[in-house]
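What follows is a single structure, written as structure tokens, with notes after it.
Quick caveat: nothing in here was measured; it's all calculated off a predicted structure.
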Amino acid sequence: MTNIAIFASGSGTNAEAIMTHFADSAAGRVALLLSNRADAFVLTRAERFGVPATVFSREEFLDPAGRVALLLQEYRIDFIVLAGFLWLVPEFLTTAYAGRIVNIHPALLPKFGGKGMYGDRVHRAVIEAGERQSGITIHRVNERYDSGDTLFQTTVAVEADDTPESLAAKIHELEHRHFPAVIERTIRGLQ
């Protein structure tokens, strides 16, 4: 059984979808949730699922011998999922977990990706660019924002009357439907 750690910074709807999915999966289990924000609602969601959760600082995240690295070892983490986590993953982690860290991006990469492109910023940019479709990209994580190998993409129409909020709602639906299944498929491919 693969031990999964989720890194999240916000509300945690994707993290909840993942915890729900893996509650009944033979492929893996969510063993740990890590957040860089003490006020993130995702911590409450983890508690509801009985998943150990902790908050860490930037220094603890960037230190190869620091608290985050030690927690990943302590919980015997095999696979990492970024679910609304905005910090760039340090090279020591991308090396240690090469091919075993995935992220979800709320647009069709390589467009509308990179540092600072998250949430409504992405949806606003898609609409302002006059795109006729958007979607999600699930990709492996490397040392650069949004540039790892694509594992899965799917699209949704961008309508003339879409706002960043209405587009976000469509994107969230795709994320919740596809992210857990793609994670499981990726884990099974590594076993």
With side-chain contact (heavy atoms from CB on, under 4.5 Å) as the test, would you mind laying out the steps for F7 and N36 before giving the verdict? CA-CA 8 Å; F7 283 73; N36 58 329; over 6 Å; no
Apply the test side-chain contact (heavy atoms from CB on, under 4.5 Å) to residues V182 and V102: give CA-CA distance (whole Å), side-chain angles for both, the deciding distance (0.1 Å), then the verdict. CA-CA 10 Å; V182 172; V102 297; over 6 Å; no
List the steps, then state whether side-chain contact (heavy atoms from CB on, under 4.5 Å) holds for H105 with V122. CA-CA 9 Å; H105 186 75; V122 173; 4.1 Å; yes
Applying side-chain hydrogen bond (donor to acceptor under 3.5 Å, both in side chains) to N142 and T94, what does each step give before you reach the verdict? CA-CA 6 Å; N142 61 23; T94 60; over 6 Å; no
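The CG atom of L62 lies 9.0 Å from the CG atom of L93; values are rounded to the nearest 0.5 Å. A distance of 6.0 Å separates CG in L72 from CD1 in I77, rounded to the nearest 0.5 Å. One distance of note links CG of L167 with CZ of R124; it measures 11.0 Å at 0.5 Å rounding. With values rounded to the nearest 0.5 angstrom, I104 atom CD1 is found 5.0 Å from N14 atom CG. In this structure, CD1 in I138 is found 12.0 Å from CG in L82, a value given to the nearest 0.5 Å. Note that CG of L109 and CG of N103 are 8.5 Å apart. Values are rounded to the nearest 0.5 Å.
A donor-acceptor pair under 3.5 Å is absent between the side-chain atoms of R140 and the main chain of G148, judged by distance alone. Looking only at distances, a side-chain donor or acceptor of R45 sits under 3.5 Å from a matching main-chain atom of S11. Distance alone, capped at 3.5 Å, places no donor-acceptor pair between the Y97 side chain and the V141 backbone. Remark: the backbone N or O of A96 is paired with a side-chain donor or acceptor of R100 at under 3.5 angstrom. Looking only at distances, a side-chain donor or acceptor of D146 sits under 3.5 Å from a matching main-chain atom of G114. A donor-acceptor pair under 3.5 Å is absent between the side-chain atoms of N3 and the main chain of D78, judged by distance alone. Without hydrogens or angle criteria, Y145 side chain to L88 main chain gives a donor-acceptor distance under 3.5 Å. Of the possible polar contacts, none joining the S35 side chain to the V55 backbone as a donor-acceptor pair under 3.5 Å is found. A donor-acceptor contact shorter than 3.5 Å is absent between the side chain of T2 and the backbone of I187.
Every residue two or more places apart in sequence or in another chain that forms a side-chain contact (heavy atoms from CB on, under 4.5 Å) with A15 is listed here: I6, M19, L33, V42. Residues forming a side-chain contact (heavy atoms from CB on, under 4.5 Å) with E131 (at least two apart in sequence, or on another chain): K111, F112, V126, A129.
The minimum heavy-atom distance linking A46 with A53 is given by the pair CB-CB, 4.0 Å. Taking every heavy atom of both residues into account, I171 and S134 meet most closely at CD1-OG, 4.0 Å. Between V81 and F179, the shortest heavy-atom distance links the atoms CG1-CZ, 3.5 Å. For the pair Y75 and A31, the tightest heavy-atom approach, listed with the atom from each and the gap, is CD2-O, 3.6 Å. Taking each heavy atom of R37 and G10 in turn, the nearest pair found is NH1-CA, 4.2 Å. The heavy-atom pair separating L108 from T154 by the smallest distance is CD2-O, 3.6 Å.
Counting non-hydrogen atoms of other residues, nucleotides and ligands closer than 6.0 Å to CD of E47 gives a total of 12 or fewer. Annotation: R188, atom CZ; neighbour count of heavy atoms from other residues, nucleotides and ligands within 6.0 Å is above 12.
You'll find the ring centres of F79 and F22 outside the 6.0 Å limit.
For the residue pair T13 and H176, a side-chain donor N or O sits within less than 3.5 Å of a side-chain acceptor on the partner.
For residues 160-176, the set of pairs meeting the salt bridge (charged side-chain N to carboxylate O under 4.0 Å, His left out) definition, not counting sequence neighbours, comprises D162-K170, E173-R177.
The cluster map of Ile, Leu, Val, Met, Phe, Trp and Tyr, joined by side-chain heavy atoms under 4.5 Å apart, puts F41 and L86 in different clusters. In this structure, V89 is a member of the same hydrophobic cluster as L32, with clusters built from ILVMFWY side-chain heavy atoms closer than 4.5 Å. Y118 and L34 sit in two unconnected hydrophobic clusters of ILVMFWY residues. Membership requires side-chain heavy atoms under 4.5 Å apart, directly or through other members. By the rule that hydrophobic residues join a cluster once side-chain heavy atoms approach within less than 4.5 Å of another member, V156 and M117 end up as members of one cluster. Linking Ile, Leu, Val, Met, Phe, Trp and Tyr residues whenever their side-chain heavy atoms come within less than 4.5 Å places I101 and F92 in a single cluster.
Using a 4.5 Å heavy-atom threshold, the side chains of T20 and F49 count as touching.
Using the six-membered ring where Trp is involved, W87 and F56 have ring planes that are perpendicular, over 60° apart on the 30 and 60° scheme.
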